[in-house]
Amino acid sequence: MKRALFSLMLLATPAMAHDQMAGTLHIIHPSIPLPAGMAKSAAGYVTISNEGDTPEELVGVRSPFAASTTLHTTIFEDDIAKMRPVIGVPIAPGEVVNLEPGGMHVMFMGLTGTVAEGDMIPATLIFRHAGEVAVEFMIDPADGADHSTMDHSGH
Ligand SMILES: [Cu+2]
């Protein structure tokens, strides 16, 4: 219960990281750098800490923010960043997994509307064992990367 109160306090503070517990999973600051006005896709990031003693896996994300939402990883070929879909993101007991720029991320394809910095985007994280967890992705300041021009030929 103390945890829940703490999370609520964080959510009530603008422009700060937010976090929540879902069972033994600590989900920290789901966020999306503000997409450019005409962008058709956007990347989302989150840190997930498995504080339990059983393996977990993030297997999907759903959000009304985009027509389709997939998990991506970034690989480098000839110094060019290319994104590829992944089936799941394993999170071992005691492990902290970062979905972050240049690495694994949530890929929102076919954005359904425009957003502004500070907006909270509802989404559902789907875990193999914990099931569906409602979260909100915070729209962070733009990071300058135009995700929509990156190579998606793996799709
Ligand atoms: Cu991507």
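Counting from 1, the numbers follow the sequence of the chain as shown. Bear in mind the structure is a predicted one, so any value in this text is a computation, not a measurement.
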Measure the CD-NE2 distance between Glu136 and His18 for me, rounded to the nearest 0.5 Å.
-> 6.5 Å

Leu71 and Ile87: which non-hydrogen atoms are nearest, and at how many Å?
-> CD1-O, 4.4 Å

Report the distance from atom OG1 of Thr74 to atom NZ of Lys82, rounding to the nearest 0.5 Å.
-> 12.5 Å

Donor-acceptor contact present, side-chain Asn50 to main-chain Ile91, <3.5 Å = yes

Working for side chain to side chain contact (heavy atoms under 4.5 Å, CB included), residues Glu56 and Thr54 = CA-CA 6 Å; Glu56 186 53 274; Thr54 54; over 6 Å; no

Cluster question for you: counting only ILVMFWY and a side-chain heavy-atom cut-off of under 4.5 Å, with indirect links fine, are Val106 and Val86 together?
-> yes

Rounding to 0.5 Å, atoms CE (Met120) and CD1 (Ile32) come to a distance of 10.0 Å

Tell me whether Val115 is reachable from Leu111 by hopping between hydrophobic residues (I, L, V, M, F, W, Y) whose side-chain heavy atoms are closer than 4.5 Å.
-> yes

Any residue meeting side chain to side chain contact (heavy atoms under 4.5 Å, CB included) with Ile28, in chain and number order, not counting sequence neighbours = Asp19, His26, Thr47

Taken to the nearest 0.5 Å, the spacing of Asp119 CG from Leu34 CG works out to 8.5 Å

All heavy atoms of Phe108 vs all of Ala66, minimum pair found to be CB-CB, 3.7 Å

Val133 and Leu25: CA distance, side-chain angles, deciding distance, side chain to side chain contact (heavy atoms under 4.5 Å, CB included) verdict = CA-CA 10 Å; Val133 177; Leu25 295 174; 5.6 Å; no

If you round to the nearest 0.5 Å, how far is NE2 of His72 from OG of Ser41?
-> 9.0 Å

Note: Glu95 and Pro90 closest approach over all heavy atoms is OE1-O, 4.1 Å

Under the criterion side chain to side chain contact (heavy atoms under 4.5 Å, CB included), which of Ile27, Val59, Val89 is the partner of Phe127?
-> Ile27

Do you know the tightest heavy-atom contact between Met104 and Val97?
-> CE-CG1, 3.9 Å

Atom of Pro35, atom of Phe65 and distance for their closest heavy-atom approach = CG-CZ, 4.4 Å

In short, Phe137 meets Tyr45 closest at the heavy-atom pair CE2-O, 3.7 Å

Side chains of Pro93 and Pro55: does their closest heavy-atom pair fall under 4.5 Å?
-> yes

Look up atom CE in Met138 and atom OG in Ser31, then write down how far apart they are to the nearest 0.5 Å.
-> 8.5 Å

